[in-house]
Each structure stands twice: as structure tokens, then as C-alpha cells.
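All remarks here apply to the structure that follows.
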Protein chains: 2
Amino acid sequence: MYSIGQLSKRTGVKVPTIRYYEDVGLVTAAGRTSGNQRRYGQPELEQLGFIKHARDLGFSIDAISSLIDLQSHPDRTCQDATDIARVQLADVRDKIRQLVALETELQRLADGCDGDGIAGECYVLAALGDHQLCDADHD
Amino acid sequence: MYSIGQLSKRTGVKVPTIRYYEDVGLVTAAGRTSGNQRRYGQPELEQLGFIKHARDLGFSIDAISSLIDLQSHPDRTCQDATDIARVQLADVRDKIRQLVALETELQRLADGCDGDGIAGECYVLAALGDHQLCDADHD
DNA sequence: ATAATTCCTCTAGTCGCTAGAGGTTCAAGA
DNA sequence: TCTTGAACCTCTAGCGACTAGAGGAATTAT
């Protein structure tokens with residue numbers, strides 16, 4: 001049996017976060033000692049590991065809920081889980097695409113000025129004020 | 001003179017967001033008609049464009065505040081503005097690095113299962129439950 | 001003049017936590 | 001057994017950057 005602190009150390013999920021997950025119903029309420037402290041077993045450890053991994057991959061709490069539902073209905077087809085992963089993948093690719101565009105512009109921004117000038121003629125400020133100066137391939 | 005709605009259309013910043021920016025002091029409070037409606041001129045349009053552009057680039061409200069301070073003190077050196085941009089650039093690169101790692105794993109996740117199986121033996125669910133199955137180059 | 005649209009303020013909600021106050025329980029050493 | 005100190009408990013409030021909705025007033029177009 002693990003206390004919430006031990007569970008936290010083993011999974012890397014912070015204590016208040018575990019309690020938060022219980023609050024929002026992502027994990028089922030843990031058993032308690034006579035003194036009202038939470039106690040966890042192996043299954044809870046594994047489930048929290050699953051959640052941690054999914055959160056690290058950027059899945060929303062909602063998406064993770066769906067995945068957990070799937071786990072507890074193993075007779076349902078795998079399609080749903082794959083769909084959730086694909087949506088997530090598309091999302092990540094979109095973010096990458098956007099960030100790379102931003103990287104390019106920020107690079108030009110940071111390079112355009114050697115930092116020696118005065119703010120009145122600063123390229124960074126000018127570029128931010130005038131979208132024309134950038135490649136305009138971001139939003 | 002523009003109403004808040006016209007300003008919104010021209011800048012692409014939503015009406016409630018403009019009011020929010022005024023609330024938190026990012027833009028100075030607009031002038032009002034006798035009927036208490038906000039009215040804007042060209043300088044406000046340009047400043048909001050600046051803010052929009054900076055937000056699109058991922059600058060925080062705080063960072064933008066600093067940049068605006070710099071604009072209004074054009075005698076200060078450009079160094080500060082460049083620093084802000086560089087920090088932002090480092091941040092973006094870090095995010096890209098992380099996302100690319102995630103992309104790789106999600107790709108494998110989405111590919112591992114053709115969606116025809118049942119959830120009980122779904123690769124997505126298994127992979128999320130067992131970090132061993134992934135390249136472990138993310139968090 | 002009237003009707004439709006836009007505007008106003010205000011409060012509360014979103015997401016995924018995080019921080020802090022004030023109090024209780026547990027585990028280990030003396 | 002007692003004591004100490006760490007870990008636990010609940011509860012409320014806060015973060016960033018908005019977004020939504022209620023209820024009402026002003027503006028604009030017909």
C-alpha cells in the first residue's frame with residue numbers, strides 16, 4: 001500500500017495534482033485509512049502512470065478520460081483509441097508547423113539588431129509593429 | 001474614429017479581448033462617446049496591431065508590457081528588446097524540440113494499431129500504459 | 001419611429017494545475 | 001508510551017489569457 005506521497009514519487013505526479021485528478025473524476029476515489037488518509041495499490045499506480053504518460057504526450061484530461069473508458073470496455077473496438085491518438089498527432093504537427101514559422105521570424109528579429117542601438121530605432125520593435133516586415137506565413 | 005467592433009475587425013483581436021487588455025492595463029483606456037462607448041484612433045489601431053503580432057509570436061502579456069515600455073522610452077538601449085526576443089526564441093526552440101519527440105512517439109502509437117483490433121489488445125492503450133514501449137526521449 | 005445591431009458592465013467559467021492556511025494523522029526514535 | 005516532525009487532510013483562492021452569458025443602454029439603418 002502506498003500513501004499519496006509515495007505514489008507521487010513513484011509516478012512523478014505531484015501530490016496536489018493526484019488529489020485534483022480525484023476531484024475531477026479522472027481517477028476513482030482512493031481507499032482511506034481509519035484516519036482518513038488515502039492509500040493506493042498496484043492498479044492505481046499503473047493507472048496514474050498511464051495518465052502521466054498521456055499528459056506528457058499532450059493528451060487533454062478529456063481525451064484521457066475517453067481512453068480510460070476504452071480500457072474498461074475492452075470489448076469495444078480499438079478504433080476510438082487510434083482516433084484519439086491520430087487527432088493528437090495532427091494537433092502536434094500543427095503546433096510544430098506554427099512554431100517553426102515563429103522560430104524563423106524570431107530568429108530574424110533577434111538577428112536584426114545587435115543590441116547596440118537605441119530603442120527608438122530598434123528593429124525588434126519596428127518589426128513587431130509592422131507585419132509587412134515579416135514573412136507573413138504565421139497567423 | 002473606430003468603434004471597438006471596427007477595431008476588432010481591423011486587427012483581428014476579439015472585442016472582449018480588447019476590453020480585457022484595457023482591464024489589465026496593456027492598452028491605455030480608450031476615449032468614450034457621450035453614450036460611454038469606446039472610440040479609437042490610428043495610434044490605438046497600430047498599438048493593438050503590435051500587440052496582436054507579438055501575441056501571435058507567443059510573447060506573454062508581461063513581455064509585451066515590457067516592449068511597450070521600451071517604445072515609450074526610446075532613449076533606452078535596444079538591448080532589452082533584443083533580450084526579450086532571444087528568450088522567446090529559445091523558448092520556441094525548446095517547444096519545437098519537445099513536440100518533435102512527441103510527434104515521433106505519437107506516430108508510432110497511431111501506426112501500431114490498424115484500428116481493427118479490440119481495445120483489450122490495443123497498442124495505443126498498451127503503449128500509454130507502458131513507457132518501456134516508447135523511445136523514452138520525452139519527459 | 002422603430003427595429004436590429006452593437007455596445008456597455010458585471011460575474012463566472014475555461015484548463016490544468018499550484019499555493020497557502022489551518023488543522024490532523026502517522027511513523028520513528030527516546 | 002510519549003514526543004516530535006513529517007506527511008497528510010480540506011478548503012479557498014490564484015495563475016494566464018481569455019471566453020461566455022446576462023441584462024440593459026446606445027447607436028445605426030430603414
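Within every chain, numbering begins at 1; the chains are lettered A, B, ... in the order of the sequence lines, protein sequences first and strands thereafter.
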Legend entry - Options D/dC8, C/dT9, C/dC17, nucleotide nearest the side-chain atoms of A/Val15: D/dC8
Inset, instruction - Return no unless some side-chain N or O of B/Arg38 is found under 4.0 Å from OP1 or OP2 of C/dT9. - result: yes
Legend entry - Distance, nearest 0.5 Å, that separates CZ of A/Phe59 from OG of A/Ser65: 13.0 Å
Inset, instruction - Among C/dG16, C/dC26, D/dT27, find the nucleotide with the atom closest to the side chain of A/Thr33. - result: C/dC26
Legend entry - Separation of D/dC8 P from A/Met1 CE (nearest whole Å): 15 Å
Inset, instruction - May I ask you to verify if any side-chain N or O of A/Ser3 is less than 4.0 angstrom from the OP1 or OP2 atom of D/dC8? - result: yes
Legend entry - Any A/Lys14 side-chain N or O less than 4.0 Å from OP1/OP2 of C/dT18: yes
Inset, instruction - Using a strict cut-off of less than 4.0 Å between a Lys/Arg side-chain nitrogen and an Asp/Glu carboxylate oxygen, indicate whether B/Arg19 and B/Asp23 qualify as a salt bridge. - result: no
Inset, instruction - Compare the minimum distances between each of C/dC17, C/dA27, D/dC9 and the side chain of A/Arg39, then state the nucleotide with the smallest one. - result: C/dA27
Legend entry - Between OH on residue B/Tyr2 and OG1 on residue B/Thr11, distance to nearest 0.5 Å: 10.5 Å
Inset, instruction - Hey, which sits more toward the 5' end of DNA chain C by its nearest nucleotide, B/Gln6 or A/Asp62? - result: B/Gln6
Legend entry - Distance-minimising heavy-atom pair for B/Leu106 and A/Ala85: CD2-O, 4.3 Å
Legend entry - A/Thr17 side-chain proximity, nearest of D/dC18, C/dT18, C/dC8: C/dT18
Inset, instruction - Quick one: label A/Arg19 by what it contacts on the DNA or RNA (base, sugar-phosphate, nothing), any heavy atom closer than 4.0 Å. - result: base
Inset, instruction - Give a yes/no on whether any side-chain N or O of A/Tyr21 is located under 4.0 angstrom from OP1 or OP2 of C/dC17. - result: yes
Inset, instruction - For A/Gly35 and for A/Ser60, locate the closest nucleotide of DNA chain C by heavy-atom distance; then report the residue assigned to the nucleotide nearer the 5' terminus. - result: A/Ser60
Inset, instruction - Among D/dT19, C/dC8, C/dA27, find the nucleotide with the atom closest to the side chain of B/Ile4. - result: C/dC8
Legend entry - Rounded distance (Å) that lies between atom C1' of D/dC9 and atom CG of A/Asp23: 12 Å
Inset, instruction - For A/Tyr40 and D/dC8, give me the distance from atom OH to atom P, rounded to whole Å. - result: 10 Å
Legend entry - Length of the CD-P vector between A/Gln37 and C/dA27, whole Å: 8 Å
Legend entry - Backbone of B/Ser3 reached by a side-chain donor or acceptor of B/Gln37 within 3.5 Å: no
Legend entry - Euclidean distance, atom CD1 of residue B/Ile18 to atom P of D/dC18 [Å, nearest integer]: 11 Å
Legend entry - Spacing of B/Glu22 atom CD relative to C/dT9 atom C1', expressed in whole Å: 12 Å
Inset, instruction - Find the distance A/Asn36:CG to C/dC26:C1' and express it as a whole number of Å. - result: 13 Å
Legend entry - Spacing of A/Arg38 atom CZ and A/Ile18 atom CD1 [to the nearest 0.5 Å]: 9.0 Å
Legend entry - side-chain N/O B/Arg32 vs C/dT9 OP1/OP2, d < 4.0 Å: yes
Legend entry - Rounded interatomic separation in angstrom, taking OH from B/Tyr20 and C1' from D/dT19: 11 Å
